[in-house]
2 protein chains.
Amino acid sequence: MSLPHILLGLTATPTSGYELKQKFDTTLRHFWFAELSQLYPALKKLVKEGLAEVETMPSEKGPDKKLYLRTAAGREELLKWLSTGPGTAPLRHPYLAQVFFLNEHQSHEQAIKFMEDLLTRIKGTCQTLQAIEDGWKDEDGGYPNQLNDDDFFTQLTLDAGLRVNKAYIEWCETSLERLKARAEK
Amino acid sequence: MSLPHILLGLTATPTSGYELKQKFDTTLRHFWFAELSQLYPALKKLVKEGLAEVETMPSEKGPDKKLYLRTAAGREELLKWLSTGPGTAPLRHPYLAQVFFLNEHQSHEQAIKFMEDLLTRIKGTCQTLQAIEDGWKDEDGGYPNQLNDDDFFTQLTLDAGLRVNKAYIEWCETSLERLKARAEK
DNA sequence: TGGGCCATGTAACCAGTTACATGATTGC
DNA sequence: GCAATCATGTAACTGGTTACATGGCCCA
């Protein structure tokens, strides 16, 4: 059950559900996805459990905001989660499952097309991540080892995302070579 | 919605729910997890939709088996899934989320411990995958490029798992070095 | 006046987990 | 006689998705 804990991590300063969604879509996108419609009830539940507090504030644009701020108990709960050790989610990788059954195609052409599509897509996400890191490099002279703790750990997750994506790209490329060699026979 | 399609892929020959679960736990474990209690209703649904057929057979050990076999329509549905292009599931990586908040710890010691635990665990899964690949090498002289199509694509998914796990190991190791360097200051 | 962004939410649904229930066969 | 493995399932619940609803503000 990670989402509530992530929200406790993000509400160290007062933040609205809408703002949190933007954070998921930018800074956390390479390791967590959440729907806005999922955040609102989750935040409400944190308040009910005494792990966060709400305050309603007028917004500059649009309707009132509700700013959520974790309580001391909320921070405790977050620390508890961190000290349970590395968490896991059951593996579910749809495109690897598809690769597993690619032999069902009559010809290798379609398998090759599949892998080429996959390669294009992974290269795209890799570039997105790279762009974020590059932006960081420009802003910050001491990048990456002089970063403050906040940014240091954020950069660690970015680095993980980049390395994994690069590994997938190499895998796609050598797989394509192998497939093409088989197709010629 | 991948699980039904995976089951259609696995029921090219008559197979029981119990046997399918074993397949998930051995051959598919590096890219998909499913509970047994999830498989039974899913198989039933495939039959209802005309994508598979059941036949009850006495078992050598224990109670009767129900052998599921995909129909022609079932195979069509599988091919349709494959030709929709690479699928994705929304990203959810609990331990990366935890790394993101590791700055909440007062000292770096706990962060270092977290990464060490993670490294140990990832090394373990990597060894499991390596053992499978090694077993394959022994059995098969022409490994990996002379494999038949079935085994070739299975090996591709294994290769993906190994590469990604190795990327994570390298990430853990360099992250630990960087963390330790910061802790000394 | 119409689209995009700001901002909140609910309800129905689907996928997956956990807990429980049943019972045969095999080997110690 | 008991534990492990073989074999099938159901029910309650949780986590997440999709679709829908509301309405203000800003800019072209």
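Since we're looking at a predicted model, the values are computed, not measured. Here is the naming used below: chain letters follow the sequence lines, and residue numbers restart at 1 for every chain.
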_side-chain contact (heavy atoms from CB on, under 4.5 Å) evaluation trace for A/Gln130 with A/Asn165_ = CA-CA 10 Å; A/Gln130 195 65 63; A/Asn165 270 283; over 6 Å; no

*What is the distance, rounded to the nearest whole Å, between atom NZ of B/Lys66 and atom C1' of D/dA7?*
11 Å

_Integer-rounded Å distance: D/dT17 C1' and A/Leu3 CG_ = 13 Å

_Short side-chain N/O contact from B/Gln22 to OP1 or OP2 of D/dT5, under 4.0 Å_ = no

_I'd like the 5' and 3' limits of the part of DNA chain C contacted by chain A, with heavy-atom contacts below 4.0 Å._
C/dC5 to C/dT17

*B/Arg121/B/Asp117 ion pair, N-O < 4.0 Å*: no

*Which is true for B/Ser37 with a 4.0 Å heavy-atom rule: it touches a base, it touches only sugar-phosphate, or it touches nothing?*
base

*Consider only side-chain N and O atoms of B/Arg178 and A/Gln155, and report whether a donor and an acceptor are under 3.5 Å apart.*
yes

*Closest approach of B/His30 and A/Leu91, non-hydrogen atoms and distance?*
O-CD1, 3.3 Å

*Rounded off to whole Å, could you give me the OH-to-C1' distance for the B/Tyr40 and D/dT8 pair?*
5 Å

*Atom CG of A/Leu7 to atom P of D/dG15: distance rounded to whole Å?*
13 Å

*To the nearest 0.5 angstrom, please state how far the NE2 atom of B/His108 sits from the NZ atom of B/Lys180.*
13.5 Å

*With hydrophobic residues grouped by side-chain heavy-atom distances under 4.5 Å, do B/Leu10 and B/Leu67 end up in a single group?*
no

_Minimum heavy-atom separation for A/Thr157 and B/Val99, please, with both atom names._
CG2-CG1, 3.9 Å

*If you check every side-chain atom of A/Met1, which of D/dG15, D/dG16, D/dT8 has the closest atom?*
D/dG15

*Distance in angstrom units between B/Leu39 CG and D/dA7 P, rounded*: 14 Å

*Within the 6.0 Å centroid threshold, strictly below: A/Phe100 and B/Phe31*: yes

*asked:* Applying a 4.0 Å non-hydrogen cut-off, can you work out what A/Glu19 is touching in the nucleic acid: base, sugar-phosphate, or nothing?
replied: nothing

*Between A/Glu116 and A/Lys123, is the closest basic N to carboxylate O distance under 4.0 Å?*
no

Using a cutoff of under 3.5 Å, can you pull out all pairs of nitrogen or oxygen atoms linking the protein to nucleotides 21-26 of chain D, with atom names and distances?
none

*Between B/Lys66 and B/Glu55, does at least one N-O distance fall below 4.0 Å, as a salt bridge requires?*
no

*Among residues 74-101 of chain B, which contact DNA chain C at a heavy-atom distance under 4.0 Å?*
none

*If you find the nucleotide of DNA chain D closest to B/Tyr68 and the one closest to A/Lys45, which residue's nucleotide is nearer the 5' end?*
B/Tyr68

*Think B/Arg163 forms a cation-pi with A/Tyr168, using NZ or CZ under 6.0 Å from the six-ring centre and within 45 degrees of its axis?*
no

*Would you mind telling me which of D/dT17, D/dT5, D/dG16 lies closest to the side-chain atoms of B/Tyr18?*
D/dT5

